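Accompanying notes for the structure given below.
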Amino acid sequence: MREGDAADAPQFLERLRAGDARAFEELVAAHQHRVFGVALRMLGNAAEAEEVAQEAFLRAHRSLPEFRGDSRLSTWLYAIVSRLCLNRLASSDRKAVAHGEEILLRVADPQGGPEAGAERGELESALHHAIAELSEERRVVVILRDLEGLSYEEIARVLSLELGTVRSRLHRARMDLKDKLERFLP
């Protein structure tokens with residue numbers, strides 16, 4: 001099953017709600033990389049992201065009977081993982097975000113020579129740090145919109161926000177990133 005195709009088919013949803021273990025395995029297989037990616041980008045730590053991704057699927061499994069189908073399954077999963085990440089970021093016992101060796105984005109053409117590779121590495125590192133320095137409310141909208149490709153409406157549903165709030169936070173986050181990355185811009 002590919003994400004977005006059969007995932008929202010009524011027959012598949014019926015199988016999930018009925019507790020079909022194979023259907024849930026298909027759901028996890030189709031969405032695990034993107035759910036983990038959202039958690040990794042929000043938390044900046046692979047071990048924490050793995051824990052949160054697992055917790056997101058556990059919560060999804062428990063909540064499947066209540067899933068009404070008002071949104072796509074992927075949007076619903078993003079809502080779960082985003083809330084778990086925001087809760088973890090807000091928790092008082094959480095350590096500072098670790099800046100490991102994970103790279104958030106693949107930017108620029110990977111075909112350039114050593115000089116281009118060095119520039120790309122510097123830009124990736126700067127972008128990683130700039131996104132990590134955003135406030136949680138701005139970071140999550142940037143990740144969901146610019147890295148995961150969700151629509152403004154989907155983000156509003158995922159985060160239980162007004163559409164105008166999503167647009168405002170995204171604009172402010174992009175302005176923050178522009179300021180932080182100004183030396184890389186032409």
Side-chain angles (χ1 to χ4, degrees), residues 1-90 97-98 100-108 110 124 127-128 131-132 134 136-161 163 166-167 169-170 173:
M1 173 184 66
R2 288 190 334 214
E3 180 178 342
D5 291 346
D8 293 309
Q11 304 89 338
F12 184 71
L13 291 174
E14 286 176 28
R15 288 176 52 212
L16 283 171
R17 287 187 183 116
D20 182 335
R22 180 71 181 130
F24 189 74
E25 289 173 16
E26 291 173 25
L27 177 73
V28 171
H31 297 280
Q32 65 186 347
H33 296 294
R34 294 195 74 188
V35 166
F36 174 76
V38 168
L40 179 60
R41 289 179 182 107
M42 288 183 70
L43 299 171
N45 179 290
E48 277 187 298
E50 191 172 319
E51 287 177 27
V52 167
Q54 289 175 0
E55 178 65 22
F57 282 111
L58 285 172
R59 289 194 183 191
H61 187 267
R62 281 186 241 134
S63 302
L64 273 166
E66 289 86 41
F67 177 67
R68 296 184 313 260
D70 295 340
S71 63
R72 294 180 5 210
L73 271 170
S74 59
T75 302
W76 182 62
L77 287 170
Y78 284 133
I80 294 170
V81 73
S82 297
R83 286 188 191 109
L84 287 170
C85 287
L86 289 172
N87 289 342
R88 185 168 287 226
L89 288 167
V97 174
E101 296 179 356
E102 297 91 3
I103 305 268
L104 283 181
L105 293 171
R106 302 285 179 227
V107 292
E124 287 175 345
L127 183 59
H128 173 79
I131 291 173
L134 291 173
E136 286 116 19
E137 67 182 21
R138 291 182 184 175
R139 185 181 330 139
V140 70
V141 294
V142 165
I143 290 168
L144 293 176
R145 175 69 185 150
D146 294 334
L147 303 180
E148 295 300 323
L150 270 66
S151 70
Y152 292 103
E153 293 79 11
E154 288 174 315
I155 296 169
R157 279 194 302 270
V158 163
L159 300 176
S160 301
L161 297 172
L163 190 57
V166 171
R167 291 182 191 278
R169 286 183 184 178
L170 186 59

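We're numbering straight along the sequence, starting at 1. Please read these numbers as outputs of a predicted model, since none were measured by experiment.
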**Asked** Can you tell me how far CG of Leu13 sits from CZ of Arg68, rounded to the nearest 0.5 angstrom?
**Response** 13.5 Å
**Complete:** Output for pair (Cys85 SG, Arg41 CZ), nearest 0.5 Å, gives 11.5 Å
**Message:** Any donor-acceptor pair under 3.5 Å linking the side-chain atoms of Tyr78 with those of Glu154?
**Reply:** no
**Prompt:** Can you find a pair of side-chain heavy atoms, one from Leu27 and one from Leu77, that are under 4.5 Å apart?
**Reply:** yes
**Asked** What heavy-atom pair brings Val35 and Ala56 nearest, and what distance separates the two atoms?
**Response** CG1-CB, 4.3 Å
**Prompt:** Picking from Val142, Ile143, Val140, Val141, what satisfies side-chain contact (heavy atoms from CB on, under 4.5 Å) with Leu134?
**Reply:** Val142
**Item:** Gap between atom OH of Tyr152 and atom CG of Leu170 - 0.5 Å precision
**Value:** 5.0 Å
**Request:** Working to the nearest 0.5 Å, report the span between CD of Glu25 and CD of Gln32.
**Result:** 11.0 Å
**Request:** For residues Phe36 and Ala53, report the shortest heavy-atom separation together with the two atoms involved.
**Result:** CA-CB, 4.1 Å
**Message:** For a side-chain contact (heavy atoms from CB on, under 4.5 Å) check, start with the C-alpha distance between Phe12 and Arg15, then their side-chain angles and the critical distance, and finish with the verdict.
**Reply:** CA-CA 5 Å; Phe12 184 71; Arg15 288 176 52 212; 3.8 Å; yes
**Asked** Glu153: what forms a side-chain contact (heavy atoms from CB on, under 4.5 Å) with it, not counting sequence neighbours?
**Response** Ser151, Arg157, Leu163, Arg167
**Asked** Rounded to the nearest 0.5 Å, what separation is found between the CZ atom of Arg169 and the CG atom of Leu161?
**Response** 5.0 Å
**Message:** So Arg88 and Met42, do their side chains get closer than 4.5 Å, heavy atoms only?
**Reply:** no
**Asked** Heavy atoms, side chains only, cut-off 4.5 Å: are Trp76 and Leu64 in contact?
**Response** yes
**Complete:** Applying ring pair (Phe, Tyr, Trp, His ring centres under 6.0 Å) to His61 and not counting sequence neighbours gives Phe24
**Asked** Under the side-chain contact (heavy atoms from CB on, under 4.5 Å) criterion, do Val52 and Val38 qualify, and how do the steps go?
**Response** CA-CA 10 Å; Val52 167; Val38 168; over 6 Å; no
**Request:** Could you tell me whether the side chain of Ile155 reaches within less than 4.5 Å of the side chain of Arg145, counting heavy atoms only?
**Result:** yes
**Asked** Where do Ser160 and Arg83 come nearest, in terms of heavy atoms and distance?
**Response** OG-NH2, 3.0 Å
**Request:** Please say whether more than 12 non-hydrogen atoms of neighbouring residues, nucleotides or ligands are located less than 6.0 Å from CZ in Arg62.
**Result:** yes
**Atom pair CD (Gln54) and CZ (Arg59), whose distance is rounded to the nearest 0.5 Å** = 13.5 Å
**Message:** Less than 4.5 Å apart, side chain to side chain, heavy atoms only: is that true for Glu137 and Leu86?
**Reply:** no
